[in-house]
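Working notes, beginning with the structure itself.
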Amino acid sequence: MRVLILGGDGYLGWPTALRLSSQGYEVAVVDNYMRRNIMREENVEPLYRVPNLHERVHLWKEHSRKEIFVHIGDLRQWDFLARVFDEFQPQVIVHYAEQPSAPYSMLRREASLLTIENNLTVTSNVIFAMREFCPDAHLIKLGTMGEYGTPNIDIEEGWINIKHNERQQKFLYPRQAGSLYHTTKIMDTDLLWFYVRTWGMRVTDLMQGPVYGLFTEETVVSDNLLTLFSYDELFGTVINRFIVQAVAGYPLSVYGKGGQTRGYLNIKDTVSCVQLSIENPADEGELRIFNQFTETFSVSELAEKVLRVGKDLGIEVVVKKIENPRQELEEHYYKPVHTGLLELGLSPHYLSDGVLEEMMKFVLLYKKDIDRHKIFRGTKWS
Ligand code: USQ
């Protein structure tokens, strides 16, 4: 089966490509290095150097004897995208090709516009390319749990039945995002739902929570196959940041009261969820939505865990509540359903002390490369 991975150079795109390649899928990856360019422009490069896509694919081939095809280009450009779709004739498209940072999307006008323009143009172009070149293909789109926000009622898996004046209908679950980035994800979902209704597309939209971790089965075989690992405020997700902060002797930056609760998952489970979605495709004319996370924690609970594991390793960790640069509820109800992927057979990797310890021990190897100035810049939402 031919799988096209859009955003194949990214934190999640690269491990997904390796997993699918190792499982015998024919894989092509597309990327324009947007994230790498932003990281360079903003001076927030990852913890260790990551070879470029051509180099990584070459290394993977040496290791696995399997080929991954690389296309470097901008999916906002129709001619480029159309050529890739026409040549490769994908049966599955995994769409990660978006500006993924909430703080970056709030940094300044240009960054907001880049986020809107990139995310919505790429999604629209993909929809049109599928119609033209592979109308039966299955689109797997990375959405985010942040589309729902933190409502004061249970969060359903994508859809909700609403009863009103004795009548009822199923609707998309109400969404209210907490950043411009998250808002573009809502707009993506709306676009997809419109074209599912109108053109009968086959779509799985994965509402993913913040991901943590470094290792998947395939990336651990060589340091040069590891994925990008960010610890800065723009691109580092909170658990990865806390691990690096602990190692650097930097106080763990709990924003505000620390009661912000999210659904987290190990990067190993991200690649499994995508694989499960491929193996169990959505129907024609279906927008299938899964809530993609395995367990929920508040930020303070995460900090406590990192503190405890650091102590066991002889690292003195300090937790510091700082003024929240974001606008978000710091104490709230949070009960999202997440049964769809478990029903498909996901066996979760939970955030055990062992997992944190493994990450911390790895990051300790790069302690001297941690640049403390990159950890916090206080990008304000207001
Ligand atoms: N937080 C802290 N201290 C920090 C960093 C973050 O307290 O140093 C808090 C944030 O305020 C937030 C929570 O931790 O309440 C999670 O923050 P995050 O930076 O790990 O996650 P977020 O900005 O929401 O975005 C990340 C990914 C994004 C993905 C999203 C899933 O960057 O691509 O869509 O997680 S979700 O959060 O469910 O929307």
Side-chain angles (χ1 to χ4, degrees), residues 7 10-13 35 38-39 44 95-107 115 118-119 141-150 155 175-186 188-189 205-213 228-246 248 250-265 267 270 290-304 306 319-332 334 336 338 351 372 374-381:
Y11 177 52
L12 305 175
R35 166 152 174 195
I38 296 176
M39 289 192 301
V44 288
H95 175 14
Y96 288 108
E98 304 215 313
Q99 192 299 94
S101 161
Y104 180 75
S105 76
M106 304 298 291
L107 194 57
T115 307
N118 180 81
N119 295 4
K141 163 74 174 50
L142 265 290
T144 167
M145 283 299 291
E147 292 184 34
Y148 304 123
T150 51
I155 296 175
R175 275 97 32 85
Q176 41 187 1
S179 80
L180 190 269
Y181 151 74
H182 289 95
T183 302
T184 63
K185 294 284 198 173
I186 293 179
D188 281 338
T189 302
D205 203 349
L206 299 172
M207 301 294 132
Q208 187 172 239
V211 181
Y212 61 87
L228 290 169
F229 186 77
S230 293
Y231 59 96
D232 63 276
E233 176 186 301
L234 297 182
F235 291 104
T237 46
V238 65
I239 299 178
N240 293 352
R241 277 166 63 67
F242 281 0
I243 296 278
V244 173
Q245 292 174 355
Y250 188 104
L252 305 192
S253 53
V254 171
Y255 294 166
K257 294 185 179 138
Q260 304 91 307
T261 303
R262 302 286 182 268
Y264 292 86
L265 78 164
I267 191 166
T270 294
F290 291 131
N291 292 346
Q292 185 164 310
F293 67 93
T294 59
E295 51 194 333
T296 58
F297 299 108
S298 70
V299 177
S300 290
E301 285 168 337
L302 293 174
E304 283 305 314
V306 172
V319 178
K320 190 172 170 193
K321 289 194 169 147
I322 55 178
E323 192 193 332
N324 196 341
R326 306 185 181 195
Q327 277 177 26
E328 59 185 357
L329 294 180
E330 294 171 3
E331 286 170 331
H332 57 89
Y334 199 62
H338 58 117
L351 185 64
R372 296 166 66 91
K374 291 184 176 157
I375 292 177
F376 186 74
R377 65 197 280 172
T379 305
K380 283 206 163 42
W381 261 225

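Remember, it's 1-based here, ligands and their atoms both numbered in the order they're listed.
Here is the list of ligand 1 atoms found below 4.0 Å of a heavy atom in Gly146: 36 (S), 38 (O), 39 (O). Of all atoms in ligand 1, listed by their number and element, those nearer than 4.0 Å to a heavy atom of Gln260 are 15 (O). Every atom of ligand 1 with a heavy atom of Ala102 under 4.0 Å away is listed here by number and element: 23 (O). Ligand-side atoms of ligand 1 in range of Gly209: 31 (C), 38 (O), range being under 4.0 angstrom from any heavy atom. In summary, the atoms of ligand 1 found under 4.0 Å from a heavy atom of Arg241, numbered by their order in the structure, are 4 (C), 5 (C), 8 (O).
The pair Glu233-Arg241 fails the salt-bridge criterion, with no side-chain N (NZ, NE, NH1 or NH2) lying under 4.0 Å from an Asp/Glu carboxylate O. With respect to the salt-bridge test (charged N to carboxylate O, under 4.0 angstrom), the residues Arg262 and Glu328 qualify.
Of the protein's non-hydrogen atoms, the one nearest atom 14 (O) of ligand 1 is Val299 CG2, 3.5 Å. The protein heavy-atom contact nearest to atom 36 (S) of ligand 1 is Thr144 OG1, 3.4 Å. In this structure, atom 1 (N) of ligand 1 lies nearest to the protein heavy atom Tyr255 CD1, 3.5 Å. Counting protein heavy atoms only, atom 29 (C) of ligand 1 is closest to Tyr181 OH, 3.6 Å. Given atom 12 (C) of ligand 1, the protein heavy atom at minimum distance is Glu328 OE1, 3.6 Å. When hydrogens are left out, the protein atom nearest atom 18 (P) of ligand 1 is Val238 N, 4.0 Å; that is the closest non-hydrogen contact. Distance from atom 27 (C) of ligand 1 to its nearest protein heavy atom, with residue and atom name: Thr237 CG2, 3.9 Å.
Between the choices Arg326, Glu233, Gln327, Gln245, the shortest heavy-atom distance to atom 19 (O) of ligand 1 belongs to Arg326. Counting only non-hydrogen atoms, the option in Met106, Met207, Met145, His182 that gets closest to atom 38 (O) of ligand 1 is Met145. In this comparison of Ser253, Pro100, Pro210, the heavy atom closest to atom 35 (O) of ligand 1 sits on Pro210.
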Margin query: Between Glu98 and Asn118, is the side chain to side chain donor-acceptor pair (under 3.5 Å) condition met? List the steps.
Written below: CA-CA 7 Å; Glu98 304 215 313; Asn118 180 81; 5.8 Å; no

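For the side-chain hydrogen bond (donor to acceptor under 3.5 Å, both in side chains) test with Lys141, the passing option among Asp205, Thr189, Asp188 is Asp188; the others fail.
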